[in-house]
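Just so you know, residue 1 is the first one in the sequence shown, and it goes up from there.
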Amino acid sequence: MRKWKHPAILLGTTGLANIGDFIYLIVINILVFQLTGSATAVAALWMIGPLVNIFTKLWTGSFIDYRSKRLIIMATYIIRAIGIAMIPFAPNLFVIYFILIGLSFAQSFFFPASITYTTMLVPVELRKRFNAIRSFTSSSAFIIGPAIGGSVLLAFSSSVTLWINALLFVLAASLLCFLPEEYEGQRSKPPALTWYQIKTDFTIVLTFIKNESFSMGIYIAFQLTLLFTFAMDVQEVVFVQNAVGLSELDYSLLVSITGIGSLVSAIILSFFANHFTLRWMIASGMFFMTIGYVLYAFSWSFVSIAVGFIILGFFNVIVNAGMTTFYQNHVPTPMMGRVTSMFQLGQSIGQIVLVFLTGLMIDLFSLRLTIVVLALSMTLVAFLFAFPVLKKKNRVYFIENTQEQRAKDAK
(Lines give C-alpha, C1' and ligand atoms only; values in the text may rest on other atoms or scores of the structure.)
Protein backbone atom coordinates (compact mmCIF):
# COMPACT_ATOMS: atom_id res chain seq x y z
CA MET A 1 0.00 0.00 0.00
CA ARG A 2 2.97 2.34 0.43
CA LYS A 3 3.19 2.80 -3.32
CA TRP A 4 -0.34 4.22 -3.25
CA LYS A 5 0.45 6.87 -0.60
CA HIS A 6 1.30 9.71 -2.99
CA PRO A 7 -1.22 8.72 -5.69
CA ALA A 8 -3.95 8.69 -3.00
CA ILE A 9 -3.08 12.23 -1.90
CA LEU A 10 -3.06 13.32 -5.55
CA LEU A 11 -6.52 11.79 -5.98
CA GLY A 12 -7.67 13.73 -2.93
CA THR A 13 -6.49 17.07 -4.26
CA THR A 14 -7.96 16.27 -7.69
CA GLY A 15 -11.30 15.35 -6.12
CA LEU A 16 -11.54 18.61 -4.19
CA ALA A 17 -10.67 20.62 -7.30
CA ASN A 18 -13.24 18.71 -9.38
CA ILE A 19 -16.00 19.46 -6.87
CA GLY A 20 -14.91 23.10 -6.97
CA ASP A 21 -15.03 23.09 -10.78
CA PHE A 22 -18.61 21.83 -10.88
CA ILE A 23 -19.81 24.23 -8.17
CA TYR A 24 -18.19 27.08 -10.09
CA LEU A 25 -19.77 25.93 -13.37
CA ILE A 26 -23.27 25.92 -11.88
CA VAL A 27 -22.98 29.20 -9.98
CA ILE A 28 -21.28 31.28 -12.67
CA ASN A 29 -23.87 30.26 -15.29
CA ILE A 30 -26.73 31.17 -12.94
CA LEU A 31 -25.05 34.42 -11.86
CA VAL A 32 -24.42 35.65 -15.42
CA PHE A 33 -27.96 34.73 -16.50
CA GLN A 34 -29.43 36.56 -13.49
CA LEU A 35 -27.39 39.67 -14.31
CA THR A 36 -28.12 39.71 -18.04
CA GLY A 37 -31.15 37.52 -18.73
CA SER A 38 -29.28 36.64 -21.93
CA ALA A 39 -28.64 33.10 -23.14
CA THR A 40 -25.97 34.56 -25.44
CA ALA A 41 -24.06 35.97 -22.45
CA VAL A 42 -24.15 32.52 -20.83
CA ALA A 43 -23.04 30.84 -24.08
CA ALA A 44 -20.11 33.28 -24.24
CA LEU A 45 -18.79 31.66 -21.04
CA TRP A 46 -18.05 28.53 -23.09
CA MET A 47 -15.84 30.53 -25.44
CA ILE A 48 -13.61 32.24 -22.87
CA GLY A 49 -11.46 29.14 -22.25
CA PRO A 50 -10.80 28.28 -25.92
CA LEU A 51 -10.03 31.93 -26.78
CA VAL A 52 -7.58 32.27 -23.88
CA ASN A 53 -5.97 28.97 -24.88
CA ILE A 54 -5.24 30.28 -28.38
CA PHE A 55 -3.19 33.13 -26.88
CA THR A 56 -1.41 31.03 -24.25
CA LYS A 57 -0.95 27.42 -25.39
CA LEU A 58 1.81 28.24 -27.85
CA TRP A 59 4.16 29.04 -24.96
CA THR A 60 2.71 27.50 -21.75
CA GLY A 61 4.31 24.12 -22.55
CA SER A 62 7.75 25.76 -22.86
CA PHE A 63 7.19 27.35 -19.46
CA ILE A 64 5.87 24.20 -17.75
CA ASP A 65 8.41 21.61 -18.96
CA TYR A 66 11.38 23.44 -17.45
CA ARG A 67 9.79 24.33 -14.10
CA SER A 68 8.21 22.67 -11.07
CA LYS A 69 4.90 21.13 -12.10
CA ARG A 70 3.79 20.79 -8.49
CA LEU A 71 4.30 24.49 -7.79
CA ILE A 72 2.54 25.44 -11.04
CA ILE A 73 -0.50 23.34 -10.06
CA MET A 74 -0.53 24.92 -6.59
CA ALA A 75 -0.30 28.39 -8.11
CA THR A 76 -3.24 27.72 -10.46
CA TYR A 77 -5.37 26.56 -7.50
CA ILE A 78 -4.51 29.64 -5.43
CA ILE A 79 -5.13 32.02 -8.36
CA ARG A 80 -8.48 30.39 -9.03
CA ALA A 81 -9.39 30.59 -5.34
CA ILE A 82 -8.59 34.32 -5.21
CA GLY A 83 -10.38 35.03 -8.51
CA ILE A 84 -13.54 33.13 -7.52
CA ALA A 85 -13.59 34.82 -4.10
CA MET A 86 -13.44 38.23 -5.84
CA ILE A 87 -16.43 37.65 -8.15
CA PRO A 88 -19.08 38.64 -5.54
CA PHE A 89 -17.36 42.04 -5.21
CA ALA A 90 -17.40 42.72 -8.97
CA PRO A 91 -19.45 45.89 -9.65
CA ASN A 92 -20.61 44.89 -13.15
CA LEU A 93 -20.58 42.18 -15.81
CA PHE A 94 -17.47 43.59 -17.49
CA VAL A 95 -15.39 43.07 -14.33
CA ILE A 96 -16.81 39.55 -13.91
CA TYR A 97 -15.74 38.62 -17.45
CA PHE A 98 -12.31 40.15 -16.78
CA ILE A 99 -11.95 37.90 -13.70
CA LEU A 100 -13.14 34.89 -15.70
CA ILE A 101 -10.46 35.56 -18.33
CA GLY A 102 -7.87 35.58 -15.54
CA LEU A 103 -9.24 32.26 -14.22
CA SER A 104 -9.05 30.74 -17.71
CA PHE A 105 -5.47 32.00 -18.02
CA ALA A 106 -4.55 30.12 -14.81
CA GLN A 107 -6.50 27.07 -15.98
CA SER A 108 -4.52 26.99 -19.25
CA PHE A 109 -1.42 26.09 -17.20
CA PHE A 110 -3.20 23.50 -15.10
CA PHE A 111 -3.87 20.52 -17.38
CA PRO A 112 -0.41 20.27 -19.05
CA ALA A 113 1.27 20.59 -15.63
CA SER A 114 -1.18 18.20 -13.97
CA ILE A 115 -0.93 15.34 -16.48
CA THR A 116 2.89 15.65 -16.53
CA TYR A 117 3.17 15.64 -12.73
CA THR A 118 0.75 12.71 -12.49
CA THR A 119 2.76 10.71 -15.02
CA MET A 120 5.93 11.37 -13.02
CA LEU A 121 4.36 10.53 -9.67
CA VAL A 122 2.29 7.43 -10.55
CA PRO A 123 4.26 4.28 -11.49
CA VAL A 124 3.51 2.70 -14.87
CA GLU A 125 1.87 -0.36 -13.34
CA LEU A 126 -0.57 1.80 -11.36
CA ARG A 127 -1.57 4.25 -14.11
CA LYS A 128 -4.61 2.47 -15.51
CA ARG A 129 -6.16 1.88 -12.09
CA PHE A 130 -5.21 5.39 -10.98
CA ASN A 131 -6.92 6.91 -14.04
CA ALA A 132 -9.97 4.73 -13.37
CA ILE A 133 -10.17 5.91 -9.75
CA ARG A 134 -9.64 9.50 -10.88
CA SER A 135 -12.60 9.01 -13.23
CA PHE A 136 -14.55 7.86 -10.17
CA THR A 137 -13.64 11.03 -8.25
CA SER A 138 -14.55 13.14 -11.28
CA SER A 139 -17.89 11.35 -11.71
CA SER A 140 -18.61 11.74 -7.99
CA ALA A 141 -17.79 15.44 -8.24
CA PHE A 142 -20.18 15.67 -11.23
CA ILE A 143 -22.98 14.72 -8.82
CA ILE A 144 -21.71 16.18 -5.54
CA GLY A 145 -20.57 19.55 -6.95
CA PRO A 146 -23.94 20.68 -8.41
CA ALA A 147 -25.76 19.25 -5.36
CA ILE A 148 -23.58 21.31 -2.98
CA GLY A 149 -23.78 24.37 -5.22
CA GLY A 150 -27.57 24.15 -5.53
CA SER A 151 -28.10 23.53 -1.81
CA VAL A 152 -25.89 26.43 -0.69
CA LEU A 153 -27.48 28.71 -3.30
CA LEU A 154 -30.94 27.93 -1.92
CA ALA A 155 -29.86 28.27 1.72
CA PHE A 156 -27.62 31.34 1.38
CA SER A 157 -26.51 33.19 -1.75
CA SER A 158 -24.26 32.99 -4.78
CA SER A 159 -21.59 34.93 -2.85
CA VAL A 160 -21.41 32.38 -0.02
CA THR A 161 -21.37 29.55 -2.58
CA LEU A 162 -18.45 31.12 -4.43
CA TRP A 163 -16.49 31.61 -1.20
CA ILE A 164 -16.99 27.94 -0.28
CA ASN A 165 -15.89 27.15 -3.84
CA ALA A 166 -12.71 29.19 -3.33
CA LEU A 167 -12.00 27.37 -0.05
CA LEU A 168 -12.05 24.02 -1.85
CA PHE A 169 -9.28 25.18 -4.17
CA VAL A 170 -7.24 26.38 -1.18
CA LEU A 171 -7.62 22.94 0.42
CA ALA A 172 -6.61 21.28 -2.86
CA ALA A 173 -3.47 23.43 -2.99
CA SER A 174 -2.69 22.60 0.66
CA LEU A 175 -2.75 18.85 0.00
CA LEU A 176 -0.08 19.28 -2.67
CA CYS A 177 2.33 20.34 0.07
CA PHE A 178 2.42 16.68 1.16
CA LEU A 179 3.58 15.48 -2.26
CA PRO A 180 7.19 15.34 -3.45
CA GLU A 181 8.87 17.58 -5.99
CA GLU A 182 9.76 16.13 -9.38
CA TYR A 183 13.00 14.27 -9.94
CA GLU A 184 16.27 16.15 -9.60
CA GLY A 185 16.79 16.63 -13.34
CA GLN A 186 13.85 19.01 -13.35
CA ARG A 187 15.57 21.37 -10.91
CA SER A 188 18.24 22.68 -13.28
CA LYS A 189 18.01 26.34 -14.21
CA PRO A 190 15.19 26.75 -16.76
CA PRO A 191 15.93 28.50 -20.07
CA ALA A 192 14.57 31.99 -20.63
CA LEU A 193 11.11 32.08 -22.19
CA THR A 194 12.11 33.74 -25.46
CA TRP A 195 10.56 33.60 -28.92
CA TYR A 196 13.53 31.53 -30.10
CA GLN A 197 12.93 29.00 -27.28
CA ILE A 198 9.21 28.78 -28.13
CA LYS A 199 10.00 28.30 -31.83
CA THR A 200 12.57 25.59 -31.01
CA ASP A 201 10.12 23.78 -28.72
CA PHE A 202 7.41 23.96 -31.40
CA THR A 203 9.77 22.28 -33.88
CA ILE A 204 10.67 19.60 -31.31
CA VAL A 205 6.98 18.81 -30.72
CA LEU A 206 6.22 18.57 -34.45
CA THR A 207 9.20 16.25 -34.94
CA PHE A 208 8.02 14.05 -32.06
CA ILE A 209 4.47 13.84 -33.47
CA LYS A 210 5.89 12.90 -36.88
CA ASN A 211 8.13 10.20 -35.40
CA GLU A 212 5.29 8.81 -33.25
CA SER A 213 2.74 9.08 -36.05
CA PHE A 214 0.56 6.11 -35.06
CA SER A 215 0.18 6.82 -31.34
CA MET A 216 -0.21 10.55 -31.85
CA GLY A 217 -2.60 9.93 -34.77
CA ILE A 218 -4.81 7.89 -32.43
CA TYR A 219 -4.75 10.70 -29.89
CA ILE A 220 -5.58 13.31 -32.55
CA ALA A 221 -8.56 11.20 -33.69
CA PHE A 222 -9.72 11.04 -30.07
CA GLN A 223 -9.42 14.82 -29.74
CA LEU A 224 -11.45 15.21 -32.94
CA THR A 225 -14.34 13.24 -31.46
CA LEU A 226 -14.21 15.49 -28.38
CA LEU A 227 -14.73 18.51 -30.67
CA PHE A 228 -18.07 17.07 -31.76
CA THR A 229 -19.10 16.43 -28.15
CA PHE A 230 -18.17 20.03 -27.25
CA ALA A 231 -20.28 21.46 -30.10
CA MET A 232 -23.26 19.30 -29.06
CA ASP A 233 -22.85 20.10 -25.36
CA VAL A 234 -23.01 23.86 -26.06
CA GLN A 235 -26.48 23.37 -27.59
CA GLU A 236 -27.60 20.72 -25.10
CA VAL A 237 -30.01 22.82 -22.99
CA VAL A 238 -31.63 24.38 -26.04
CA PHE A 239 -31.94 21.00 -27.81
CA VAL A 240 -33.53 19.25 -24.82
CA GLN A 241 -36.06 22.04 -24.24
CA ASN A 242 -36.83 23.28 -27.76
CA ALA A 243 -36.28 20.26 -30.03
CA VAL A 244 -37.55 17.56 -27.65
CA GLY A 245 -39.89 19.71 -25.54
CA LEU A 246 -38.67 18.84 -22.06
CA SER A 247 -38.63 21.14 -19.03
CA GLU A 248 -35.72 22.57 -17.02
CA LEU A 249 -36.48 20.02 -14.29
CA ASP A 250 -36.32 17.21 -16.86
CA TYR A 251 -32.93 18.51 -18.02
CA SER A 252 -31.60 18.61 -14.44
CA LEU A 253 -32.70 15.00 -13.96
CA LEU A 254 -30.99 13.99 -17.22
CA VAL A 255 -27.71 15.57 -16.05
CA SER A 256 -27.97 13.58 -12.80
CA ILE A 257 -28.69 10.38 -14.74
CA THR A 258 -25.56 10.97 -16.86
CA GLY A 259 -23.56 11.44 -13.67
CA ILE A 260 -24.92 8.20 -12.22
CA GLY A 261 -23.98 6.32 -15.41
CA SER A 262 -20.47 7.74 -15.19
CA LEU A 263 -20.23 6.89 -11.50
CA VAL A 264 -21.27 3.25 -12.00
CA SER A 265 -18.74 2.88 -14.83
CA ALA A 266 -15.99 4.46 -12.74
CA ILE A 267 -16.70 2.13 -9.79
CA ILE A 268 -16.56 -0.96 -12.02
CA LEU A 269 -13.38 0.28 -13.70
CA SER A 270 -11.74 1.11 -10.37
CA PHE A 271 -12.06 -2.51 -9.24
CA PHE A 272 -11.46 -4.28 -12.55
CA ALA A 273 -9.21 -1.89 -14.52
CA ASN A 274 -6.34 -4.36 -14.62
CA HIS A 275 -8.62 -6.96 -16.24
CA PHE A 276 -9.37 -4.73 -19.23
CA THR A 277 -6.88 -4.10 -22.02
CA LEU A 278 -6.21 -0.59 -23.26
CA ARG A 279 -7.33 -1.61 -26.75
CA TRP A 280 -10.72 -2.73 -25.44
CA MET A 281 -11.17 0.34 -23.24
CA ILE A 282 -10.33 2.74 -26.05
CA ALA A 283 -12.16 1.09 -28.97
CA SER A 284 -15.32 -0.06 -27.17
CA GLY A 285 -15.48 3.08 -25.06
CA MET A 286 -15.32 5.34 -28.10
CA PHE A 287 -17.80 3.25 -30.13
CA PHE A 288 -20.49 3.04 -27.44
CA MET A 289 -20.05 6.65 -26.35
CA THR A 290 -20.86 7.77 -29.90
CA ILE A 291 -23.87 5.41 -29.92
CA GLY A 292 -25.09 7.27 -26.85
CA TYR A 293 -24.80 10.59 -28.67
CA VAL A 294 -26.63 9.19 -31.73
CA LEU A 295 -29.53 8.05 -29.49
CA TYR A 296 -29.56 11.52 -27.95
CA ALA A 297 -29.61 13.20 -31.40
CA PHE A 298 -32.61 11.13 -32.58
CA SER A 299 -34.44 11.25 -29.23
CA TRP A 300 -38.12 12.18 -28.95
CA SER A 301 -38.78 11.72 -25.21
CA PHE A 302 -37.28 11.87 -21.74
CA VAL A 303 -36.75 8.09 -21.67
CA SER A 304 -34.92 7.94 -25.02
CA ILE A 305 -32.58 10.79 -24.04
CA ALA A 306 -32.01 9.16 -20.63
CA VAL A 307 -30.95 5.90 -22.30
CA GLY A 308 -28.54 7.80 -24.56
CA PHE A 309 -27.13 9.79 -21.64
CA ILE A 310 -26.60 6.67 -19.51
CA ILE A 311 -24.72 4.96 -22.35
CA LEU A 312 -22.53 7.96 -23.18
CA GLY A 313 -21.87 8.68 -19.50
CA PHE A 314 -20.91 5.05 -18.81
CA PHE A 315 -18.54 4.63 -21.75
CA ASN A 316 -17.13 8.17 -21.63
CA VAL A 317 -15.37 7.20 -18.39
CA ILE A 318 -13.90 4.06 -19.97
CA VAL A 319 -12.53 5.72 -23.10
CA ASN A 320 -11.11 8.68 -21.15
CA ALA A 321 -9.31 6.44 -18.65
CA GLY A 322 -7.94 4.33 -21.49
CA MET A 323 -6.81 7.26 -23.63
CA THR A 324 -5.20 9.07 -20.69
CA THR A 325 -3.16 5.95 -19.87
CA PHE A 326 -2.27 5.46 -23.55
CA TYR A 327 -1.14 9.10 -23.80
CA GLN A 328 0.95 8.91 -20.61
CA ASN A 329 2.65 5.76 -21.89
CA HIS A 330 3.62 7.29 -25.24
CA VAL A 331 4.70 10.87 -24.46
CA PRO A 332 8.03 11.32 -22.60
CA THR A 333 7.55 13.35 -19.43
CA PRO A 334 10.38 15.85 -20.20
CA MET A 335 8.33 17.16 -23.14
CA MET A 336 4.78 16.28 -22.06
CA GLY A 337 3.88 19.86 -21.14
CA ARG A 338 4.82 21.12 -24.62
CA VAL A 339 3.06 18.27 -26.44
CA THR A 340 -0.09 18.63 -24.32
CA SER A 341 -0.21 22.40 -24.78
CA MET A 342 0.15 22.03 -28.55
CA PHE A 343 -2.73 19.57 -28.70
CA GLN A 344 -4.86 21.86 -26.55
CA LEU A 345 -4.07 24.79 -28.85
CA GLY A 346 -5.37 22.80 -31.82
CA GLN A 347 -8.38 21.67 -29.81
CA SER A 348 -9.28 25.25 -28.84
CA ILE A 349 -9.10 26.45 -32.45
CA GLY A 350 -11.25 23.49 -33.50
CA GLN A 351 -13.81 24.23 -30.77
CA ILE A 352 -14.26 27.83 -31.86
CA VAL A 353 -14.52 26.93 -35.55
CA LEU A 354 -16.95 24.05 -34.97
CA VAL A 355 -19.18 26.04 -32.59
CA PHE A 356 -19.35 28.83 -35.21
CA LEU A 357 -20.23 26.33 -37.97
CA THR A 358 -22.80 24.69 -35.67
CA GLY A 359 -24.51 28.04 -35.10
CA LEU A 360 -24.48 28.71 -38.85
CA MET A 361 -26.04 25.29 -39.59
CA ILE A 362 -28.77 25.89 -37.01
CA ASP A 363 -29.65 29.23 -38.66
CA LEU A 364 -29.65 27.71 -42.18
CA PHE A 365 -31.37 24.41 -41.38
CA SER A 366 -32.57 23.37 -37.92
CA LEU A 367 -31.25 22.48 -34.47
CA ARG A 368 -32.37 18.85 -34.75
CA LEU A 369 -30.69 18.32 -38.15
CA THR A 370 -27.50 19.97 -36.91
CA ILE A 371 -27.24 17.74 -33.83
CA VAL A 372 -27.95 14.64 -35.96
CA VAL A 373 -25.20 15.60 -38.45
CA LEU A 374 -22.73 16.19 -35.60
CA ALA A 375 -23.58 12.86 -33.95
CA LEU A 376 -23.30 10.88 -37.19
CA SER A 377 -20.03 12.64 -38.11
CA MET A 378 -18.68 11.74 -34.68
CA THR A 379 -19.74 8.11 -35.21
CA LEU A 380 -17.89 7.99 -38.53
CA VAL A 381 -14.72 9.31 -36.89
CA ALA A 382 -15.16 6.74 -34.08
CA PHE A 383 -15.33 3.88 -36.61
CA LEU A 384 -12.23 5.13 -38.39
CA PHE A 385 -10.61 5.54 -34.96
CA ALA A 386 -11.50 2.04 -33.68
CA PHE A 387 -10.36 0.16 -36.79
CA PRO A 388 -6.56 0.74 -36.41
CA VAL A 389 -6.83 0.32 -32.63
CA LEU A 390 -8.22 -3.21 -33.03
CA LYS A 391 -5.89 -4.31 -35.84
CA LYS A 392 -3.72 -7.14 -34.57
CA LYS A 393 -0.49 -5.72 -35.98
CA ASN A 394 -0.94 -2.53 -33.93
CA ARG A 395 -1.39 -4.14 -30.53
CA VAL A 396 2.28 -3.51 -29.71
CA TYR A 397 1.36 0.17 -29.27
CA PHE A 398 -1.04 -0.73 -26.48
CA ILE A 399 1.37 -2.69 -24.34
CA GLU A 400 1.30 -0.99 -20.98
CA ASN A 401 4.80 0.31 -20.58
CA THR A 402 6.33 3.70 -21.27
CA GLN A 403 8.01 4.89 -24.44
CA GLU A 404 11.35 4.98 -22.61
CA GLN A 405 10.90 1.34 -21.58
CA ARG A 406 10.01 0.27 -25.13
CA ALA A 407 13.18 1.96 -26.38
CA LYS A 408 15.24 0.08 -23.81
CA ASP A 409 13.55 -3.20 -24.72
CA ALA A 410 14.34 -2.67 -28.40
CA LYS A 411 18.09 -2.38 -27.72
Side-chain angles (χ1 to χ4, degrees), residues 1-21 64 69-70 72-74 76-77 110-142 144 171-173 175-183 186 215 218-219 222 262-282 284-286 313-334 336-337 339-340 397-406:
M1 292 299 294
R2 287 185 63 187
K3 61 184 179 181
W4 274 100
K5 177 183 176 182
H6 292 147
I9 295 173
L10 188 58
L11 287 168
T13 187
T14 303
L16 286 170
N18 282 336
I19 293 172
D21 282 333
I64 291 166
K69 273 57 106 179
R70 185 177 70 98
I72 290 172
I73 298 169
M74 291 175 68
T76 64
Y77 284 157
F110 172 76
F111 184 74
S114 176
I115 192 169
T116 307
Y117 183 66
T118 299
T119 306
M120 290 176 168
L121 193 68
V122 181
V124 177
E125 65 274 13
L126 301 183
R127 283 180 191 164
K128 192 162 61 176
R129 185 177 292 277
F130 176 89
N131 288 323
I133 297 173
R134 185 166 60 179
S135 295
F136 170 74
T137 63
S138 179
S139 300
S140 301
F142 185 82
I144 296 170
L171 292 174
L175 278 180
L176 285 169
C177 295
F178 298 96
L179 292 177
E181 192 54 85
E182 296 98 282
Y183 52 80
Q186 292 289 309
S215 57
I218 292 295
Y219 191 73
F222 172 68
S262 300
L263 186 60
V264 171
S265 175
I267 291 172
I268 294 172
L269 204 58
S270 298
F271 284 102
F272 300 105
N274 290 336
H275 297 280
F276 302 136
T277 65
L278 281 181
R279 294 171 74 205
W280 179 87
M281 289 172 65
I282 292 169
S284 66
M286 179 58 65
F314 187 93
F315 286 98
N316 181 56
V317 168
I318 293 173
V319 70
N320 272 289
M323 278 306 306
T324 300
T325 306
F326 178 79
Y327 182 78
Q328 289 173 323
N329 290 349
H330 281 271
V331 181
T333 52
M336 188 173 280
V339 174
T340 304
Y397 292 98
F398 299 90
I399 295 172
E400 293 175 51
N401 56 9
T402 63
Q403 186 192 49
E404 292 93 336
Q405 286 174 317
R406 291 201 313 274

Candidate pair Phe136 and Val317, rule side-chain contact (heavy atoms from CB on, under 4.5 Å), full reasoning: CA-CA 8 Å; Phe136 170 74; Val317 168; over 6 Å; no
Take Phe222 and Val319, measure what side-chain contact (heavy atoms from CB on, under 4.5 Å) needs, and give me the verdict at the end. CA-CA 9 Å; Phe222 172 68; Val319 70; 4.1 Å; yes
Let's go through Leu179 and Tyr117 carefully: what are the C-alpha distance in whole Å and the side-chain angles of both, what is the deciding distance for side-chain contact (heavy atoms from CB on, under 4.5 Å) to 0.1 Å, and is it a yes or a no? CA-CA 10 Å; Leu179 292 177; Tyr117 183 66; 3.2 Å; yes
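Counting only distance, with no hydrogens or angles, the side chain of Thr340 and the backbone of Gly337 share no donor-acceptor pair below 3.5 Å. Formation of a donor-acceptor pair under 3.5 Å by the Thr137 side chain with backbone atoms of Arg134 is found in this model. Checking side-chain atoms of Ser114 against main-chain N and O of Phe110 turns up no donor-acceptor pair under 3.5 Å.
Atom CZ in Phe111 sits 11.0 Å away from atom CD1 in Ile64 (nearest 0.5 Å). With rounding to the nearest 0.5 Å, the separation of CG in Leu126 from CG in Asn274 is 8.5 Å. The distance from the CG atom of Leu263 to the OG atom of Ser135 is 11.0 Å, given to the nearest 0.5 Å. Phe178 CZ to Leu176 CG: the interatomic distance, rounded to the nearest 0.5 Å, is 10.5 Å. Here Asn329 contributes atom CG and Thr324 contributes atom OG1; the two are 10.5 Å apart, rounded to the nearest 0.5 Å.
No side-chain heavy atom of Tyr397 sits less than 4.5 Å from a side-chain heavy atom of Ile218. Under the 4.5 Å side-chain criterion, counting only non-hydrogen atoms from C-beta, Leu269 is in contact with Phe276. In this structure the side chain of Ile133 reaches within 4.5 angstrom of the side chain of Trp4, judged on heavy atoms. Taking 4.5 Å as the limit, some side-chain heavy atom of Thr13 sits within range of a side-chain heavy atom of Leu10. Between Leu11 and Thr14 the shortest side-chain heavy-atom distance does not fall below 4.5 Å. When side chains are defined from C-beta on, Phe314 counts as touching Ile268, because their heavy atoms get closer than 4.5 Å. In this structure the side chain of Phe315 never reaches within 4.5 angstrom of the side chain of Ser265, judged on heavy atoms. For the pair Asn131/Gln328, a side-chain contact is recorded, criterion being any heavy-atom separation below 4.5 Å from C-beta on.
In terms of heavy-atom proximity, Ala17 sits nearest to Ala172 at N-CB, 4.3 Å. Met323 approaches Tyr219 most closely through the heavy-atom pair CE-CD1, 3.5 Å. Closest approach of Ser262 and Gly313 over heavy atoms only: OG-O, 3.0 Å. Nearest heavy atoms, Gly322 versus Met281: N-CE, 3.5 Å. In terms of heavy atoms, Met74 sits closest to Ala173 at CE-O, 3.7 Å. Taking every heavy atom of both residues into account, Ala113 and Ile72 meet most closely at CB-CG2, 3.8 Å.
Under the ring pair (Phe, Tyr, Trp, His ring centres under 6.0 Å) criterion, Phe130 pairs with no residue, sequence neighbours left out. Scored by the salt bridge (Lys or Arg N to Asp or Glu O under 4.0 Å) test, Arg70 finds Glu181 as partners (sequence neighbours excluded).
Checked options Ile115, Thr119, Thr118; the residue passing with Thr333 is Thr119 (criterion: side chain to side chain contact (heavy atoms under 4.5 Å, CB included)).
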